[in-house]
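Have a look at the structure below before the remarks.
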2 protein chains.
Amino acid sequence: MKKEPPQKYASKIFKKHNHNACFNDSMKAFQKHCVQKNLKLTPLRSKVFEFLLRDHQPLGAYQILDMLRDSGFASTPPIAYRVLDFLIEQGFAHKIKRLNAFVACSHPGSTHSPTFMICRKCDKVAEIDEKDSGIDLKKATSFDFKVEEAVIEFIGLCTSCVTVEAT
Amino acid sequence: MKKEPPQKYASKIFKKHNHNACFNDSMKAFQKHCVQKNLKLTPLRSKVFEFLLRDHQPLGAYQILDMLRDSGFASTPPIAYRVLDFLIEQGFAHKIKRLNAFVACSHPGSTHSPTFMICRKCDKVAEIDEKDSGIDLKKATSFDFKVEEAVIEFIGLCTSCVTVEAT
DNA sequence: AGATGTATGTTATATTATAACAAGGAGATA
DNA sequence: TATCTCCTTGTTATAATATAACATACATCT
């Protein structure tokens, strides 16, 4: 049996994965986090996180508001923005500047400066580990500037869309 | 006479520099570019570029509109956004997502994926060379994703503001 | 029950950006 | 010179994103 060659993967998001498990694990991690930090995991918060987990598609605040309305929640802008702020603060969501949209964090738990790959065709977003991104934050902190945080978003094509475009 | 040790500089923007020369060189480069590409360097375009060059401060579209009004130009939103689009397309300006603001490009001429250092205290922005940024775009293009463009913005403190905060 | 703190709801408005169409002016050409 | 074409600028209206400020509800502790 041949050994697999080492490969670099942007993230599971662009690949098939066991989404049920993925969803459940994330939800459980969120629940656990809230219990540990004595934060309230309310129906509203839970619902919004669920939307974000649903299919890893980034969602705009106003899309989320529509979904909340459909689910019987109040749906004025502050409702969504507050929950999103909460999720971001707790490290379970990120904002994609490029899209003015929000995604569930792919590896929550520790605060980190996320790096995203955004497909310009299907708008799917993959969050990748800093170590795989070709970025060395220490190297970026220079004589003249103390780096505290980084916004890193790569725009391009995911495997599926590359294939389609090549046709 | 001792040799200076090699140092890394984020950019001239955070340092003293001959701003008159800097301003004039940029303006001339822009003029030259327009002649070569047979584009019209109109008073409006020239004025907006001048604002951006003024002191390297990122400017919001509506700030630019105010400045245009003060200079006797028309000042409805499309006026500013169109000129800014023009400058960006021609490679003489960039948009800073973090600030929803625009800056003159520090090394125009060739198209490039700029990397910025944004001081969270004074909002000054330095554009740095990719090679100094600790980022390897080739490394970022992986099996799963074809990188075409990158948005890279470091947030932190510039030398002056670090000093102030340490006090 | 009352006090406190946090979450949610509501109203209004700020900020950023674009669509769609009209008018003006420079240069080419008949 | 007239008019055609192309590009720039001007105008009106509105879309999209986000926050401020304040009111109400609800849980938990006492």
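Predicted model only: the values in this text are computed from it and were never measured. Residue numbers begin at 1 in each chain, while the letters A, B, ... track the order of the sequences.
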Rounded to whole angstroms, how far apart are [atom1] on [X] and [atom2] on [N]?
X	N	atom1	atom2	value
B/Phe86	D/dT8	CZ	C1'	10 Å
A/Phe73	C/dG9	CZ	P	8 Å
B/Leu84	D/dT9	CG	C1'	15 Å
A/Arg98	C/dA17	CZ	C1'	15 Å
A/Leu68	C/dA7	CG	P	17 Å
B/Ile79	C/dA17	CD1	C1'	14 Å

#### Entry: Pairing pattern in dot-bracket form [Watson-Crick, G-U; both distances under 3.5 Å; | = partner strand] for DNA chain D
||||||||||||||||||||||||||||||

### Query
Under a 4.0 Å heavy-atom cut-off, which of residues 37-47 of chain A touch DNA chain C?
A/Thr42, A/Leu44, A/Arg45

So, using side chain to side chain contact (heavy atoms under 4.5 Å, CB included) as the criterion, who are the partners of [X] when residues are at least two apart?
X	value
A/Asn100	A/Lys95
B/Lys121	B/Cys119, B/Leu157, B/Cys161, B/Val164, B/Glu165
B/Asn20	B/Asn18

### Message
Under the rule for ring pair (Phe, Tyr, Trp, His ring centres under 6.0 Å), what residues qualify as partners of B/Phe102, not counting sequence neighbours?
### Response
none

Residue list, side chain to side chain donor-acceptor pair (under 3.5 Å) with [X], at least two apart or on another chain:
X	value
B/Glu148	A/Arg120
A/Asn24	none
B/Glu50	B/Arg54
B/Arg45	none

Scan nucleotides 16-20 of chain D against the protein and return all N/O pairs shorter than 3.5 Å with their distances rounded to 0.1 Å.
from   : atom 1 : to      : atom 2 : distance (Å)
D/dA18 : OP1    : A/Lys95 : NZ     : 2.2
D/dA18 : OP2    : A/Tyr81 : OH     : 3.0
D/dA18 : O5'    : A/Tyr81 : OH     : 3.4
D/dA18 : N7     : A/Tyr62 : OH     : 2.6
D/dA18 : N6     : A/Tyr62 : OH     : 3.4

### Message
Can you tell me how the ring of B/Phe116 sits relative to the ring of B/His94, calling it parallel under 30°, perpendicular over 60° and tilted otherwise?
### Response
perpendicular

### Task
Evaluate the ring planes of A/Phe92 and A/His33, with Trp represented by its six-membered ring, and classify them as parallel (under 30°), tilted (30 to 60°) or perpendicular (over 60°).
perpendicular

Using atom types as modelled, flag every donor-acceptor pair under 3.5 Å from a side chain in residues 68-88 of chain B to any protein atom, sequence neighbours excluded.
from    : atom 1 : to      : atom 2 : distance (Å)
B/Arg69 : NE     : B/Ser75 : OG     : 3.1
B/Arg69 : NH1    : B/Asp66 : OD1    : 2.9
B/Arg69 : NH2    : B/Ser75 : OG     : 3.3
B/Ser71 : OG     : B/Met67 : O      : 3.0

